[in-house]
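Note sheet for the following structure.
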Amino acid sequence: METRKEWKLKGNSDIKTASSFSIARVIADVKTNINLSDERPVIPLSIGDPSIFPCFRTPQVAQDAVVDALTSAKFNGCAPKGGLVQARRSVAEYLSCNLPYKLSPDDVYVTSGAKQAIEIVLTALRRPDANILLPKPGYPAYEALSVINRLQVRHFDLLQEKDWEVDLNGLEAVADDNTVAMVIINPGNPCGNVFTQDHLKKIAETARRLGILVIADEAYGHLTFGSNPFVPMGVFGNIAPVLTLGSISKRWMVPGWRVGWIARSDPHGIFEEQGIVECIKRSLNANSDAATFMQAALPQILEKTTDDFYVKTINILKKDADMCYERLKEIPCFTCLKRPQGSLFFMVKLDMSRLQGINDDMEFCSKLAKEESVILLPGFVLRMENWVRVTFGIEPSALEDGLARIKAFCLRHASKC
Ligand SMILES: *Cc1c(COP(=O)(O)O)cnc(C)c1O
């Protein structure tokens with residue numbers, strides 16, 4: 001008789017661990033509670049994808065840029081690794097507007113969104129025993145991709161009472177000789193905070209003391225509407241070298257277009273000297289590229305979008321953020337410390353003692369989905385148990401509806417004390 005071996009298809013256990021950091025997976029779990037006989041529309045206050053709302057439609061020039069690039073038939077082939085030179089140049093110019101020195105096209109690599117930029121950078125930095133410092137709360141893709149890359153993770157806190165600034169003393173305490181980088185997300189996801197210039201400088205000085213680089217996730221760059229203006233971390237690249245990650249997903253409201261970048265803000269050439277540039281290039285070589293016609297559209301998107309689009313977007317987001325803050329802070333079971341100043345999100349703390357029959361953040365979100373068809377992100381996936389992340393970047397009338405339903409839900413479940 002023919003002998004056969006057992007099937008040896010076990011799958012990757014790391015990917016299982018990584019998926020415990022998946023926002024999409026947790027939201028899918030929350031959504032299973034939705035009552036299909038509720039005729040009201042579902043209000044998605046969980047993920048930041050405003051593109052589904054007409055008021056956040058990307059500008060015509062951006063659409064035309066993509067159509068023009070596609071119909072020219074010049075961009076049907078492969079692009080060079082690192083991206084089309086015109087795309088790299090346009091990103092360098094776009095970012096240089098806010099820097100005290102000029103980036104060159106060689107300082108920029110075009111990626112398939114900021115998410116792939118994270119992946120490329122983490123792969124480039126990985127070596128045995130290396131660890132990376134991540135903010136808590138933060139963006140779980142960093143945890144997931146660190147697990148997949150076998151890069152050890154250590155967390156530093158963002159201090160809620162200090163407007164979510166980095167706990168720099170705590171950060172220095174968790175760093176050691178194997179620490180290679182720290183990540184900051186500014187404007188902040190999930191906290192909606194915007195770091196001051198002064199704080200960014202202190203971050204750079206801390207990184208310099210530790211001899212590590214700063215990964216500055218600026219996916220929400222320029223999406224600010226409070227008193228702190230957006231200052232890119234690259235401004236302090238002369239103190240500690242910075243890898244800036246960005247994309248058109250959020251500012252242009254097109255997360256499905258999948259174009260982003262990595263930019264080196266490193267006037268002293270530390271990355272070159274330390275071999276990081278070579279590692280980033282190799283990491284790019286091992287990865288896929290952004291679609292060539294999308295790369296070709298990038299110069300027009302970055303250069304031709306006019307201020308009226310940016311202003312309109314910011315005005316809606318500011319109105320949304322203010323409404324969200326004002327309404328939620330009136331509800332007894334929530335603590336909202338500060339009005340969000342940027343990005344599309346903020347964090348709200350639940351006071352469980354003021355709620356009856358609800359024991360944690362997941363249960364709160366599940367029951368809310370079931371009774372009111374409103375979706376919030378439970379904080380546990382961001383390592384913030386009994387907090388929720390609220391996305392306010394939606395059509396204002398839908399937000400108003402969602403906030404009224406949240407209020408009704410909280411009043412209905414308020415503990416009788
Ligand atoms: C959305 C997001 C990204 C990924 O953006 P894409 O360009 O769509 O890949 C990266 N970082 C943060 C903090 C984000 O919120």
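Quick caveat, the model's predicted, so the values are computed rather than measured.
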Testing Asp289, Asn287, Asn285 for side-chain hydrogen bond (donor to acceptor under 3.5 Å, both in side chains) with Lys81, which one passes? Asp289
Is Arg150 close to Asp14 at the side-chain level, that is, under 4.5 Å between some pair of heavy atoms? yes
For Cys324 and Leu403, work out which heavy atoms get closest and say how close. CA-CD1, 3.7 Å
For Arg154, look at atom CZ and say whether over 12 heavy atoms of other residues, nucleotides or ligands are found less than 6.0 Å away. yes
Please indicate whether Glu161 has more than 12 foreign heavy atoms, meaning atoms of other residues, nucleotides or ligands, lying under 6.0 Å from its CD. yes
With rounding to the nearest 0.5 Å, note down the distance linking CD1 in Ile203 to CD1 in Ile239. 11.0 Å
Pairwise distance CD1(Ile148) to OG1(Thr17) - rounded to 0.5 angstrom: 9.5 Å
Under 3.5 Å donor-acceptor, Glu218 side chain and Met233 backbone: yes
Is there a side chain to side chain contact (heavy atoms under 4.5 Å, CB included) between Ile34 and Ile375? Walk through the geometry before answering. CA-CA 9 Å; Ile34 290 175; Ile375 315 298; 3.6 Å; yes
Run the salt-bridge test on Glu372 and Arg40 with the 4.0 Å N-O cut-off and return the result as yes or no. yes
In terms of the angle between their ring planes, are Phe364 and Phe334 parallel, tilted or perpendicular, with boundaries placed at 30° and 60°? perpendicular
For the pair Leu382 and Trp387, evaluate side chain to side chain contact (heavy atoms under 4.5 Å, CB included) and give the outcome as yes or no after the intermediate values. CA-CA 9 Å; Leu382 307 171; Trp387 288 68; over 6 Å; no
Salt bridge check: are Arg282 and Glu278 linked by an N-O gap of less than 4.0 Å? yes
Closest non-hydrogen contact found for Pro44 with Ile394 is O-CG2, 3.7 Å
For Phe380, ring pair (Phe, Tyr, Trp, His ring centres under 6.0 Å) partners two or more places apart: none
Residues that Ser96 engages under side-chain contact (heavy atoms from CB on, under 4.5 Å), provided they are two or more places apart: Lys102, Leu103
Any donor-acceptor pair under 3.5 Å linking the side chain of Gln341 with the backbone of Ser227? yes
Taking the side chain as C-beta and beyond, is there a heavy-atom pair between Thr391 and Ile47 under 4.5 Å? no
For Arg208, does the CZ atom have more than 12 heavy-atom neighbours from other residues, nucleotides or ligands under 6.0 Å away? no
Could you tell me whether the side chain of Ser247 and the main chain of Gly113 form a donor-acceptor pair under 3.5 Å? no
Under a 4.0 Å threshold between the charged nitrogen and the carboxylate oxygen, would Asp308 count as salt-bridged to Lys312? no
State, to 0.1 Å, how close Glu385 and Asp361 come at their nearest heavy-atom pair, and which atoms those are. CA-OD2, 4.0 Å
Take Val174 and His155 through the test side chain to side chain contact (heavy atoms under 4.5 Å, CB included) and record every step on the way to the result. CA-CA 8 Å; Val174 294; His155 287 100; over 6 Å; no
Output the distance between atom OG (Ser265) and atom CG (Asp107), rounded to the nearest 0.5 Å. 7.5 Å
CG on Leu84 to SG on Cys78, rounded to 0.5 Å: 11.0 Å
Could you tell me whether a side-chain N or O of Arg264 sits under 3.5 Å from a main-chain N or O of Tyr109, the two making a donor and an acceptor? no
Quick check against the 3.5 Å criterion: does Gln274 have a side-chain atom that pairs as donor or acceptor with the backbone of Ile276? no
At their closest point, which heavy atom of Pro105 faces which heavy atom of Ala92, and how far apart are they? N-CB, 4.1 Å
Is the ring centre of Phe21 less than 6.0 Å from the ring centre of Tyr142? no
Could I get the full list of ring pair (Phe, Tyr, Trp, His ring centres under 6.0 Å) partners for Phe195, not counting sequence neighbours? His199
Polar side chain donor-acceptor pair, Arg258 to Gln116, under 3.5 angstrom: no
Between Ser373 and Ile43, is any pair of side-chain heavy atoms under 4.5 Å apart? no
On a heavy-atom basis, the closest approach of Tyr94 and Asn98 is O-OD1, 4.1 Å
Would you mind reporting whether Tyr220 and Asn189 have side-chain heavy atoms less than 4.5 Å apart? yes
Which residues share a side-chain contact (heavy atoms from CB on, under 4.5 Å) with Asp351, sequence neighbours left out: Ser353, Arg354
Donor-acceptor pair, side chain of Thr244 and main chain of Ala216, under 3.5 angstrom: no
A quick test of your reading: do over 12 heavy atoms of other residues, nucleotides or ligands sit less than 6.0 Å from NZ of Lys329? yes
Less than 4.5 Å apart, side chain to side chain, heavy atoms only: is that true for Met294 and Val66? yes
Would one find more than 12 heavy atoms of other residues, nucleotides or ligands at under 6.0 Å from atom CZ of Arg25? yes
Across all chains, not counting sequence neighbours, the ring pair (Phe, Tyr, Trp, His ring centres under 6.0 Å) partners of Phe230 are His222
With Leu200, which of Val214, Val166, Val235, Asn186 fulfils side-chain contact (heavy atoms from CB on, under 4.5 Å)? Asn186
Going through the checks in order, is the salt bridge (charged side-chain N to carboxylate O under 4.0 Å, His left out) test met by Arg405 and Glu371? CA-CA 9 Å; Arg405 293 192 214 172; Glu371 295 174 26; over 6 Å; no
Quick one: does any side-chain atom of Asp49 pair with a main-chain N or O of Ser51 as donor and acceptor, under 3.5 Å? yes
Student check: side-chain heavy atoms of Phe75 and Leu70 closer than 4.5 Å: no
Rounded to the nearest 0.5 Å, how far does CG of Asn76 lie from OG1 of Thr292? 8.5 Å
Using the rule given for side chain to side chain contact (heavy atoms under 4.5 Å, CB included), can you reason through Val30 versus Met362, listing the C-alpha separation, both sets of side-chain angles and the distance that settles it, and then say yes or no? CA-CA 8 Å; Val30 171; Met362 182 63 188; 3.9 Å; yes
Tell me, do Glu143 and Arg383 make a side-chain contact under 4.5 Å, heavy atoms counted? yes
Pairs of donor and acceptor atoms involving the side chains of residues 124-137, under 3.5 Å and at least two apart or interchain, shall be tabulated with distances.
unit_1	atom_1	unit_2	atom_2	d
Arg126	NE	Asn149	O	3.2
Asn131	OD1	Thr179	OG1	2.7
Asn131	ND2	Asp176	OD1	3.0

Is any side-chain heavy atom of Pro340 closer than 4.5 Å to a side-chain heavy atom of Pro187? no
Let me confirm one number: the CG-CD1 distance from Leu45 to Ile27, rounded to the nearest 0.5 Å. 10.5 Å
Is Glu363 paired with Lys367 through a side-chain N to carboxylate O contact shorter than 4.0 Å? yes
Any donor-acceptor pair under 3.5 Å linking the side chain of Thr206 with the backbone of Lys202? yes
Which atom names give the shortest non-hydrogen contact between Cys191 and Phe346, and what distance separates them? O-CB, 3.7 Å
